[in-house]
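All remarks here apply to the structure that follows.
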Amino acid sequence: MQYITVLGATGSIGQSTLDVMARHPDKYQAYALTCHRDVETLVRLAQASQPEHLVVADESQYSRLCELARQANLHAQLHAGESALVTVASAQPVNQVMAAIVGAAGLLPTLAAAQAGKKVLLANKEALVMSGEMFIQAANRSGAVILPIDSEHNAIFQCLPHNYQYGDLETSGISHLLLTGSGGPFRTTPLEQLVSKTPDEACAHPNWSMGRKISVDSATMMNKGLELIEACWLFGVAPEQIEVVLHPQSVIHSMVQYRDGSVLAQLGNPDMRTPIAHAMAYPQRIDAGVAPLNFSQMTNFSFEQPDFQRFPNLRLAIEAAKANQFASTALNAVNEVSVDAFLRGQIAFTQIAQINEAILNCAPSSQLDSIDAVLSYDAEIRALAKQGLKGAA
């Protein structure tokens with residue numbers, strides 16, 4: 001039996017994880033479920049999965065969690081606060097940790113799981129974007145296994161040789177990695193219309209069902225940029241060894257180009273349960289509840305180069321990947337602030353990239369040699385970004 005802590009259980013990744021677990025009750029048991037503040041959904045999920053622990057990060061919701069858990073006759077231990085997230089991510093009985101908290105809030109518990117030597121199912125890309133070298137070093141020291149959950153990174157992982165050595169494309173005969181992206185809901189929208197796009201329109205992804213923040217990142221292609229930075233750390237490659245390709249159908253999730261001309265691709269329906277099940281059971285395979293592809297109905301695969309005029313956030317992320325750690329940490333911080341402002345109706349869609357670039361251009365460089373330094377710098381950039389918002393409003 002594998003005991004799993006699901007960080008961010010109430011989000012789409014967390015709920016998909018619990019769906020896969022429920023299909024295999026003889027293999028997986030929930031140890032802890034966590035949420036930011038949606039305690040109603042957390043309790044509902046706990047009624048089905050019966051975890052030993054429930055955690056709400058927002059301490060103001062703790063009394064509500066206690067009340068709902070009592071009404072539902074749950075016997076789980078209840079906790080609140082960020083330190084509790086770290087505790088359930090690193091607890092001794094835990095075999096696997098699904099790291100699905102969105103944004104910088106997921107850094108500390110995800111790092112704690114890596115430091116504790118857990119099998120980390122990494123859906124929180126910010127952990128690597130903010131602290132890539134430190135995170136990888138922590139995993140190496142503890143013997144933690146890091147398995148990617150993002151469909152693109154999981155696809156690349158499946159297409160690499162089974163004996164791939166971290167960072168060694170040459171020995172593996174690999175030319176480069178191909179990271180695919182759908183282009184989001186505004187791939188063909190006239191550029192002059194982007195300024196008037198609403199949060200609901202930006203969140204209406206054509207293929208995937210995701211949370212609002214990551215949906216906006218998909219619409220700006222910042223999500224793809226953050227994935228490029230994450231891929232550099234996951235596989236030990238330089239940004240120049242990764243090519244971003246638009247694939248609107250979202251059936252080919254990513255590819256690996258070999259030096260002999262071969263290209264290996266991983267295909268599947270756009271359902272996150274596939275990479276989740278792959279990582280949970282690796283190196284075995286289990287049923288994910290996902291329908292197989294029907295090739296007789298697949299009549300059109302198309303590919304495009306991304307347009308940096310349409311997707312300036314992707315350009316910013318590539319530039320950050322080529323710079324030092326502080327650049328990608330800063331980009332992640334300012335983007336979280338600007339996306340939140342857009343979702344609140346405070347700025348226009350096109351201002352997200354404008355604010356991101358303005359803050360990056362004035363952000364001070366910093367030596368990020370500890371997690372405390374990363375978190376301090378993250379807070380400094382957020383403060384700069386909020387000041388920038390006042391001028392943009």
Side-chain angles (χ1 to χ4, degrees), residues 97 99 107 110-111 113-181 223-245 252-266 275 278-279 282-283 314 317-329 331-332 367-371 373-374:
V97 174
L107 173 58
T110 305
L111 179 62
Q115 291 171 329
K118 306 302 183 184
K119 180 178 179 180
V120 181
L121 314 182
L122 189 63
N124 171 276
K125 59 180 63 64
E126 289 81 6
L128 285 175
V129 171
M130 294 176 65
S131 62
E133 185 174 7
M134 285 174 275
F135 189 91
I136 295 299
Q137 288 176 348
N140 289 339
R141 284 194 297 268
S142 69
V145 176
I146 309 299
L147 294 173
I149 297 300
D150 272 346
S151 60
E152 296 83 358
H153 301 111
N154 183 267
I156 289 170
F157 180 76
Q158 293 194 52
C159 294
L160 290 171
H162 68 89
N163 59 348
Y164 175 75
Q165 297 296 310
Y166 185 81
D168 194 357
L169 297 188
E170 182 68 33
T171 301
S172 299
I174 296 170
S175 170
H176 57 279
L177 311 180
L178 294 158
L179 200 62
T180 62
N223 193 47
K224 202 56 50 184
L226 297 178
E227 287 174 3
L228 184 145
I229 297 171
E230 183 185 5
C232 291
W233 291 113
L234 277 172
F235 306 115
V237 301
E240 294 81 5
Q241 294 172 305
I242 304 174
E243 180 182 348
V244 175
V245 179
I252 296 177
H253 298 303
S254 275
M255 300 170 277
V256 174
Q257 171 78 60
Y258 286 82
R259 295 192 179 280
D260 61 7
S262 300
V263 179
L264 298 189
Q266 187 267 337
H278 173 264
Y282 183 80
L314 178 59
I318 293 172
E319 292 172 356
K322 294 177 180 178
N324 294 325
Q325 178 68 66
F326 70 82
S328 54
T329 302
L331 179 61
N332 179 73
Q367 185 67 30
L368 304 182
D369 51 7
S370 70
I371 291 300
V374 168

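Computed from heavy atoms alone, side chains included, the values below leave out hydrogens, waters and symmetry copies.
The closest side-chain heavy-atom distance from Val145 to Leu147 is below 4.5 Å. Using a 4.5 Å heavy-atom cutoff, the side chains of Leu178 and Ser254 are not in contact. Within the 4.5 Å cutoff, the side chain of Val245 has no heavy atoms near those of the Leu179 side chain. Side-chain contact between Gln257 and Leu177 is absent, with no heavy atoms from C-beta onward closer than 4.5 Å. Counting heavy atoms from C-beta outward, Leu111 and Phe135 have side chains that approach closer than 4.5 Å. Residues Pro239 and Cys232 have side chains in contact (heavy-atom distance under 4.5 Å, counting atoms from C-beta outward).
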>> Let's go through Ser131 and Leu107 carefully: what are the C-alpha distance in whole Å and the side-chain angles of both, what is the deciding distance for side-chain contact (heavy atoms from CB on, under 4.5 Å) to 0.1 Å, and is it a yes or a no?
In response: CA-CA 8 Å; Ser131 62; Leu107 173 58; 3.3 Å; yes
> Going through the checks in order, is the side-chain contact (heavy atoms from CB on, under 4.5 Å) test met by Val374 and Thr329?
Replying inline: CA-CA 7 Å; Val374 168; Thr329 302; 4.2 Å; yes
>> Evaluate Glu126 against Glu230 for side-chain contact (heavy atoms from CB on, under 4.5 Å), listing each step before the verdict.
In response: CA-CA 8 Å; Glu126 289 81 6; Glu230 183 185 5; over 6 Å; no
> For Glu227 and Lys224, what are the C-alpha separation, side-chain angles and deciding distance, and is it a salt bridge (Lys or Arg N to Asp or Glu O under 4.0 Å)?
Replying inline: CA-CA 5 Å; Glu227 287 174 3; Lys224 202 56 50 184; 2.7 Å; yes
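In terms of heavy-atom proximity, Leu122 sits nearest to Leu128 at CD2-CD1, 3.5 Å. Smallest separation of non-hydrogen atoms from Gln325 and Met130: NE2-O, 2.9 Å. Smallest separation of non-hydrogen atoms from Leu234 and Ile146: CD2-CG2, 4.0 Å. Nearest heavy atoms, Ile252 versus Met255: CG2-CG, 3.6 Å. Contact record, Pro161 with Tyr258: CD-OH, 3.2 Å, taken as the closest heavy-atom pair. Closest heavy-atom contact between Gln266 and Cys159: N-SG, 3.6 Å.
Remark: Ala323 engages Ala327 in a side chain to side chain contact (heavy atoms under 4.5 Å, CB included) (not counting sequence neighbours).
Here NZ of Lys322 is found 9.0 Å from CG of Leu228. Values are rounded to the nearest 0.5 Å. Atom-to-atom distance recorded for Ile174:CD1 and Phe235:CZ is 9.5 Å, nearest 0.5 angstrom. Rounded to the nearest 0.5 angstrom, Asn324 CG and Leu368 CG are separated by 9.0 Å. The CD1 atom of Ile318 sits 10.0 Å away from atom CD of Glu240, with the distance rounded to the nearest 0.5 Å. Expressed to the nearest 0.5 Å, how far CD1 of Ile149 lies from CG of Asn124 amounts to 12.0 Å. We find the CD1-CG distance between Ile229 and Leu226 to be 5.5 Å, quoted to the nearest 0.5 Å.
A side-chain donor-acceptor contact under 3.5 Å links Ser370 to the backbone of Ala373. At least one donor-acceptor pair under 3.5 Å links the side chain of Gln241 to the backbone N or O of Ala238.
Sequence neighbours left out, the pairs with a member in residues 136-148 that pass side chain to side chain donor-acceptor pair (under 3.5 Å) are Glu133-Gln137.
Between the side chains of Asn223 and Lys125, at least one donor-acceptor pair of N or O atoms lies under 3.5 Å. Side-chain contact check for His253 and Asn154: no donor-acceptor pair (N or O, by modelled atom type) lies under 3.5 Å.
For Phe157 and His153, the gap between ring centers reaches or exceeds 6.0 Å.
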